[in-house]
Amino acid sequence: MGLLSDPNRRKALTGLLTRLNTPICIVCYLAGIVWFMGLAFEPFTLRTYMSENAMGSTMVEERFSSGERALSLAKEFDAHKRKAGGMPVEWLVKAMQSRGLEVFTQSFSRKLPFPDENKERYMVRGTNVYGILRAPRAPRTEALVITAPCSPGNTNNQAVALLLALAQYFRNQIYWAKDIIFLVNEHDLIGTQAWLEGYHHTNITGMEYSPLQGRAGSIQAALSLELSSDVITSLDLVLEGLNGQLPNLDLANLFYAFCQKLGVLCTIQGKLQRNDWDTAEGYTHAAQTMMLMVLKQACGRSWGDHGLFLRYHIEAASVRGINSFRHYKTDATTIGRLLEGMVRKLNNLLERLHQSYFFYLLPSLSRFVSIGYYMPAFGLLAVILLLRALDLWVHLGAPALAAVDGVTEAEQPSSPGVLTVLTPVVISHLTGVALYLLPVHLQEMAVEHFPVSETEAVVLTAIAIYTAGLALPHNTQRLLSGEGTEQGWKVLKLTALLYLAVLLGCTALINFSLGFILAVTLVPITASITPHIALYAVVMVLLSPAFTILYCVFIYQELIEAPVSVSEGWMLFLSVISQGILDHALYGSLVYPLLALFIYPCWLMFWNILFWN
Amino acid sequence: MLILSSLLLFILTTHSEALTPAAARDEFQEELVIRPLHSGDIYASFQFRTLWDTDFLQEGQKVSHYRLFPKSLGQVLSKFSVRELHISFTQGFWRTMQWGQPFIPSPPGAELWVWFHDTVSDVDGNWKELTNVLSGIFCASLNFIDLTNTVQPSASFKPLGLGNATDHRFLRYATLPREIVCTENLTPWKKLLPCGSKAGLAVLMKSEKLFHSSFHSQAVHIRPICQDEQCSSKAWELRQTLNVVFDLHTSGQGKKEWSLFKMFSRTLTEACPLASSSKVYVDITDNPELFELSPATPLLGQAVVLGDRRTYSVYDLSRAETFGQLRSFNLLLRDMLRPLLHAERYVAGFGLQTGEIHTVIYNNHPYRAFPVLLMDSVPWYLQLYIHTLTVTSKSRDNKPSYIHYQPAKDRHRPHLLEMLIQLPPHSMTEVTVQFERALLKWTEYTPDPNHGFYVGSSVVSALVPSMVAMRTNFTQDQPLFSSFVPVKEESSYFVRVYTEPLLVNLPTPDFSMPYNVICLTCTVVAVGYGSFYNLLTRTFQVDEPSPPLSKRLANLIRRMRGVPLLT
């Protein structure tokens, strides 16, 4: 601080920063990107390790052996499911009761704000069935949850059957210290949401549900199981939850440890691990895995039933069986043993999982990047905004420099009215509010006047409002008296830069991936923008939040090795928007409001600068 | 030497008996009740009762001769002027919905409540010492009972013995929901029995089997009672109870068969020679014709307990012909009878700032409403918002007719909330209150702070309408399990229901990173605060730039020469 209180040295420092501003910014941007890409390089990452003592040293022996029985049970379940035309509630209740569990049901209903075309549902009614295995001599204070979604069609029968087989086996063991809840939920995430809200007696999404009759204290951890075939080739671990929340890294470590022990192939993001990190292919593979995680985390939706548990401070992960017709096969008994081992170790926990990291990226299951390593990549991008802001501040504060031309108009324009800045800010935000509110509320009117379905109406309204926002600057200028001044846009840009820096900083703290992706696209154009250059306008549009989503769709499809054509990509883009709005309404995902209410208005402020004169 | 000492002992005892011809009469009874539960589990309840016609609290008379009554407890009673003492250690939670009512209920963990004699001046001091002494006697962590978890309930815990004291200043109640009960607590408990675990029913108490069960609870109740029906003089009663529920599902491979050997891995060989009565009761109320008890017994008994008339096969161990082994016990399941009164509790909400405690009380009586007393003792670090207290039954506001609330003092005493609520027939009553989680000082966290903090069970006490007439007359030959709580009227019986304890997470700092925390704090203080303070307090003034070194040297030389200085 001595540096800043000494006027001479302060002058020297700011002089240096303003003189070298552009080169420094370019270097920072490149360094940020390189740093981020370097995170996937194996020598730069750490090997995962079990931090929790209670799970590390205590070895358990897996004895589950009724995998075959589980498969025949799956057939029985399938038959009953067909007969009931949905979830066979009565059969499940009887099956759980006969296995010695305390069984309860919960019915729920939810009217979606508009029809979900991906899953073809609008009015959702369903029933959750759950059985509680009471641990002997435990006072009902702690519980673990194993859940299997009862999906329509042929999928997930094996998961439900394995759940029942595990329940039967677990019931005869004496070592349980925590109650175990076996939950079969209908309508995947909506069912889970209803159950969790019922269990915690909250209502955050306007769900209607019947109150739960049986509880088992505070839930310590949850596992979600998805299996659709009798034999699987690999198990995939899904961690990304609502709003980019991740479970404690120890849960991933636990899964990996048991896969190693039982010799099961395990993947993350559907990608197997490779050992050739020193080759280009090896690095690309790791980078792809990490990029997939970043994209999934950034979109803020729950990628499995586990994702909704995280809000309630319950560490949860989904285990998904994949049958990719490789030679390597794993039978149901082994999967049962894997789950048995994991649940037993979780049962041994004295405290909640808290020892390991909550903020991490995984380039592979055995390697991780902690928050301390990935944050500098974002920091390097964010500092550009601050540097540009400093530059502008110095220019605004030193009229002498501006008056180099010799004309003495120094004093008058240096104080642009508050109104000059405030008007675009307010109008941009009002557009954001319109973008947030109107699509869902105007759907009826849109359906009346145009030949589109409700879903299309919502998405197209959103896009229309988004595009209409681009026309605003001209109107804004008309509202203001007189021409915009040089000082005016600089003040506006300074405000917008600081606003964007704060926004991105906060976003990155909560959901690094989202913050980073937005920073990569928004920072270069916002940092360099000046009024009235046609080229800027094109680049500005191409790097706007909506186009960022479009690029993410294409990159994601490319990474999961299912590339799409432009028209398919466009359709996917539309469905991503409708899913985003639905996720917000159904589960409280915050990405849509964040983009509509903050990021888009902020971007509009920069758009205003472009049309300043 | 050995002979000499035993001779000495003989002389001493005969001598003392000769001196006090009216020696205090004492008596010991033991009893085991086995009841197959609707869920298929087996409930075994031991009761041992020692009666002694003496008075520990009489002025000027020191009781020093003990026969059946354990001396360690007797001395404690007289030293601390205890009028009534109830202590229970429980591992597990009694599942009222599956198992019905227990004979003597107890909350998970340890529970201790004591009525002191009204001559005691320093009740808190006595209480503190008493808990420490009991902690030693029972090998338990009762010394963790202090003022922060002790309450004085005004209505829920009335004395069960003689006397009608109502001044709750002499009552102390505390629970330790986290207390873990194991063999180390069982051994001292068994030593209090006159026969120890050498003979009588206590032979069955092999800890390996007792702790291989779904529920385990052991308790000691001491109280003064009437000697006879006229109540002319006082006797002290010590009841030791032990309740176990065995899970046949886990151990029996699905068969509903049991035998004493299978449950306890011991058999009974003889009654305790010191016992005046020693009996085993087997509840055969449900479908008696489907039972096959071996050996069969001609004795049948009936008892009205907890509002239900039940039939028992009675085995009298003091008769020689009884000995054999009970085995091969087949039984069909019957539709579960819902218990008339039932309560449960949970924490609602998410996040680490606020929460809501929900207590749900069920009245399953088809047409009778009855009042219940709800007692809640919540630690100070959950700061209750008492203005948010709501009581609703059948979605309507149900105003409690009596509320006793004592707010907590941080680090000194817990919240105490007692309410008298009328439960409408066949209804569910929900009591909710919001709370805020306090941020503790860093030394106040337990060694495993991320496990959470316990809130003890809330207690629901009620006089529940009985389906059959209760017996109000007091007789000596009643079975022990039906005579614990005195019955005052025919039409109802007393029930106490404990809810589950709660495990609540408080905002917890990351203790594994003290180094980081210290570094960060120091940096913030040094860089942030220090420099801002510096900037704010420093006075700025324009400083003349000092002349360069060459000029200063030149001036020095000029000054020496006396020439005008350079500027």
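Since the model is a prediction, treat every value here as computed from it, not as a measurement. So you know, we letter chains A, B, ... as the sequences are listed, proteins then strands, and number each from 1.
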Closest approach of A/P139 to B/P501 (non-hydrogen atoms, all atoms of both residues):
O-CD, 3.6 Å

Quick one: of B/P449, B/S457, B/G351, B/S217, who has the most non-hydrogen atom pairs under 4.5 Å with chain A?
B/P449

Proximal component of A/I204, with respect to chain B [non-hydrogen, under 4.5 Å]
side chain

For chain A, find which of B/P177, B/P108, B/G530, B/S214 contributes the most heavy-atom pairs closer than 4.5 angstrom.
B/S214

Below 4.5 Å from any heavy atom of chain B, which atoms of A/E102 appear? Answer side chain, backbone, both or neither.
side chain

Closer than 3.5 angstrom, by distance alone: can the side chain of A/R137 be matched with the main-chain N or O of B/F211 as a donor-acceptor pair?
yes

Got a sec: does the CZ of B/R95 have more than 12 other heavy atoms crowding it under 6.0 Å?
yes

Atom group of B/P107 that falls short of 4.5 Å from chain A, counting heavy atoms
neither

For the pair A/H201 and B/Y346, name the ring-plane relationship: parallel under 30°, tilted 30 to 60°, perpendicular over 60°.
tilted

Crowded around B/I180 CD1? As in, over 12 foreign heavy atoms under 6.0 Å?
no

Within 6.0 angstrom of B/E184 CD, more than 12 heavy atoms from elsewhere
yes

Heavy-atom pairs under 4.5 Å with chain A: which of B/G355, B/G349, B/G452 has the most?
B/G349

dist A/H200:NE2 -> B/H358:NE2 (nearest 0.5 Å) comes out at 11.5 Å

Proximity breakdown for A/T141 and chain B, heavy-atom pairs closer than 4.5 Å:
both

Does any part of the side chain of A/H313, heavy atoms only, come nearer than 4.5 Å to the side chain of B/F350, both counted from C-beta?
no

Proximity breakdown for B/R345 and chain A, heavy-atom pairs closer than 4.5 Å
neither

Around A/Y175, counting heavy atoms of other residues, nucleotides and ligands shown, do more than 12 lie under 6.0 Å from its OH?
yes

Is it the side chain or the backbone of A/Q97 that comes within 4.5 Å of chain B heavy atoms, both, or neither?
neither

Side-chain contact, heavy-atom cut-off 4.5 Å: A/R352 with B/H451?
no

SB check B/D247 A/R171 (cutoff 4.0 Å)
yes

Rounded to the nearest 0.5 Å, what's the gap from OG1 on B/T508 to NE2 on A/H354? Could you check?
8.5 Å

Under 4.5 Å from any heavy atom of chain A, what part of B/Y362 do you find: side chain, backbone, both or neither?
side chain

Between CG on residue A/L349 and CG on residue B/N450, distance to nearest 0.5 Å:
11.0 Å

Bottom line for B/S213: the part with an atom under 4.5 Å from chain A's heavy atoms is both

State, yes or no, whether a side-chain contact exists between A/E142 and B/L503 at a heavy-atom distance under 4.5 Å.
yes

